[in-house]
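All ligand and atom numbering here is 1-based and tracks the order in the structure.
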Amino acid sequence: VLNLKNPTQQQGYKMKIILIGASGTIGQAILKKLTNRHEIIPVGHSQGDIRVDIADPKSIENMYNAIGKFDALIATTGKVHFARLHEMTADKYEIGLKNKLMGQVNLVLHGLKNINDHGSFTLTSGILNHEPILSATSSAMVNGALEGFIKAAAIDLPRGIRINLVSPTLLKESVDKIGDKFAGFYPVSADEVAYAYEKSVEGAQTGVVYKVGYA
Ligand SMILES: NC(=O)c1ccc[n+]([C@@H]2O[C@H](COP(=O)([O-])OP(=O)(O)OC[C@H]3O[C@@H](n4cnc5c(N)ncnc54)[C@H](OP(=O)(O)O)[C@@H]3O)[C@@H](O)[C@H]2O)c1
């Protein structure tokens, strides 16, 4: 009898999944999609029983200590500063570097202690390093760095642990707020984006950038 020794790949296995950004647009859609099959631990920033500030490594450590062992972590959060290039400063780039980039990298580094064998990390970037718009140099820089990080981390992670990145285009739900900056970008719904997170968590691939809604 084949013993694959990988419970996360067995049909019907109920994973314990930490969802950072659970109250957000993408987070809500993932929660809806995965909640029947898995135990989801929703983590917020300003609300919820368990909270974290991904820009603060100590806060990340406290969150992991409160949760204990887990099978998968999904991060659907990350702030960057949007401004025209001539208005950008080192401090403004630092926002994206500390929050969206190192925030997600630190979720991986600190999570290694508690993640089960064959578990997975799924991080979030966005389309703007492939299809830049004005005022998005920080976003493009951070997204590109996240792509490099997950590709290299995938071959460096121990114990069969996987890592992927979801890179969505503009969301339908965000069109009213930011759509005017994204002329010609055809938006996708958060529900469609949630499929990529499902593929990352329940599938077997690693080191993959799931591009959702690219032309
Ligand atoms: N929306 C789009 O069109 C789009 C397109 C491509 C990529 N993305 C990327 O996808 C990610 C999520 O986007 P979204 O539109 O779903 O965001 P959103 O609706 O603004 O939600 C953000 C989530 O992140 C949490 N959060 C905020 N600051 C945090 C911090 N310092 N530490 C931990 N959690 C924090 C919020 O928690 P609280 O509610 O508790 O504050 C909320 O749950 C972002 O990285 C964004 O760049 C978005």
Problem set entry | From Thr77, Leu146, Ile20, Asn143 - option closest to atom 24 (O) of ligand 1 by heavy atom | Thr77
Exercise. Is the Tyr214-His130 ring centre distance short of 6.0 angstrom?
Worked result: yes
For this session: May I ask you to list the atoms of ligand 1 that are less than 4.0 angstrom from any heavy atom of Asn99?
Result: 31 (N)
Exercise. Just distances here: any N/O of Gly24 and N/O of ligand 1 closer than 3.5 Å?
Worked result: yes
Problem set entry | From the candidates Ile178, Leu19, Ile26, the one that places a heavy atom nearest atom 48 (C) of ligand 1 | Ile26
For this session: Examine the proximity of ligand 1 to Ser174 and report which part, side chain or backbone, both or neither, has a heavy atom under 4.0 Å away.
Result: side chain
Exercise. Does some side-chain heavy atom of Tyr93 sit less than 4.5 Å from a side-chain heavy atom of Val80?
Worked result: no
For this session: Can you measure from CZ (Arg84) to OG (Ser135) and round to the nearest 0.5 angstrom?
Result: 5.5 Å
Seminar exercise, completed: shortest atom 3 (O) of ligand 1-to-protein heavy-atom contact is with Leu171 N, 3.0 Å
Problem set entry | Closest to atom 8 (N) of ligand 1 (judged by heavy-atom distance), picking from Gly78, Ser125, Gly126, Ala190 | Ser125
Exercise. Does an N or O from His45, backbone or side chain, lie closer than 3.5 Å to an N or O of ligand 1?
Worked result: yes
Exercise. Are Ile50 and Ile67 close enough, and set up right, to give a side chain to side chain contact (heavy atoms under 4.5 Å, CB included), and what steps lead you there?
Worked result: CA-CA 9 Å; Ile50 305 177; Ile67 293 172; 3.8 Å; yes
For this session: Return the option from Ser46, Ala75, Pro42 holding the heavy atom at the smallest distance from atom 38 (P) of ligand 1.
Result: Ser46
Seminar exercise, completed: Among Gly103, Gly21, Gly179, the residue with a heavy atom nearest to atom 23 (C) of ligand 1 is Gly21
Problem set entry | Min side-chain heavy-atom separation Phe121-Ile150 under 4.5 Å | no
Problem set entry | From OG (Ser120) to CD1 (Ile161), nearest 0.5 Å | 9.5 Å
Exercise. With a 4.0 Å cut-off on heavy atoms, is Thr169 touching ligand 1?
Worked result: yes
Exercise. Considering only heavy atoms of Gln47, which atoms of ligand 1 have at least one such atom less than 4.0 Å away?
Worked result: 39 (O), 40 (O)
Problem set entry | Shortest protein heavy-atom distance from atom 31 (N) of ligand 1, along with the residue and atom involved | Asp53 OD1, 2.9 Å
For this session: Quick one: look up the protein heavy atom nearest atom 17 (O) of ligand 1 and list residue, atom name and how far away it is.
Result: Thr25 N, 4.5 Å
Exercise. Does ligand 1 have a heavy atom under 4.0 Å from the side chain of Thr76, from its backbone, from both, or from neither?
Worked result: backbone
For this session: Enumerate the atoms of ligand 1 whose separation from the nearest heavy atom of Thr124 is less than 4.0 angstrom.
Result: 9 (C), 10 (O), 11 (C)
For this session: Report yes if some N/O of Pro168 lies less than 3.5 Å from some N/O of ligand 1; otherwise report no.
Result: no
For this session: Apply the salt bridge (charged side-chain N to carboxylate O under 4.0 Å, His left out) test between Asp117 and each candidate in Arg162, Lys69, Arg159; give the one that qualifies.
Result: Arg159
For this session: Identify the heavy atoms of Leu146 and Leu123 that sit nearest to each other, and give their distance.
Result: CD2-CD1, 4.3 Å
Exercise. Restricting to pairs with a member in residues 23-79, which pass ring-ring contact (aromatic ring centres under 6.0 Å, His included), not counting sequence neighbours?
Worked result: Tyr64-Phe70
For this session: Can you pull out the closest protein heavy atom to atom 32 (N) of ligand 1? Residue, atom name and distance to 0.1 Å, please.
Result: Ile54 N, 2.9 Å
For this session: Report yes if some heavy atom in the side chain of Lys79 is under 4.5 Å from a heavy atom in the side chain of Ile95; otherwise report no.
Result: yes
Problem set entry | Ser139, portion touching ligand 1 at heavy-atom distance under 4.0 Å | neither
Exercise. Is there a side-chain contact between Glu192 and Lys172 (heavy atoms, below 4.5 Å)?
Worked result: yes
Problem set entry | Short N-O contact, Glu202 and Arg37, less than 4.0 angstrom | yes
Exercise. Which residue supplies the protein heavy atom nearest to atom 33 (C) of ligand 1, what is that atom called, and how far is it?
Worked result: Val52 O, 3.2 Å
For this session: Nearest heavy atom to atom 43 (O) of ligand 1 wins, so pick from Gly48, Gly96, Ser59, Ser23.
Result: Ser23
Exercise. Quick one: are Val201 and Ile30 in side-chain contact, heavy atoms under 4.5 Å?
Worked result: no
Problem set entry | atom 41 (O) of ligand 1 protein-contacted, heavy-atom criterion under 4.0 angstrom | yes
Exercise. Between Lys32 and Asp191, is there a salt bridge with N-O shorter than 4.0 Å?
Worked result: yes
Problem set entry | Step-by-step side chain to side chain contact (heavy atoms under 4.5 Å, CB included) determination, Asn62 to Lys58 | CA-CA 6 Å; Asn62 292 342; Lys58 191 71 207 153; 4.0 Å; yes
Exercise. Heavy atom under 4.0 Å from ligand 1: found in Lys100's side chain, backbone, both, or neither?
Worked result: side chain
Problem set entry | Atom indices of ligand 1, in the order listed, that fall short of 4.0 Å to a heavy atom of Gly44 | 40 (O)
Exercise. Between Ile127 and ligand 1, which part of the residue brings a heavy atom under 4.0 Å of the ligand: side chain, backbone, both or neither?
Worked result: neither
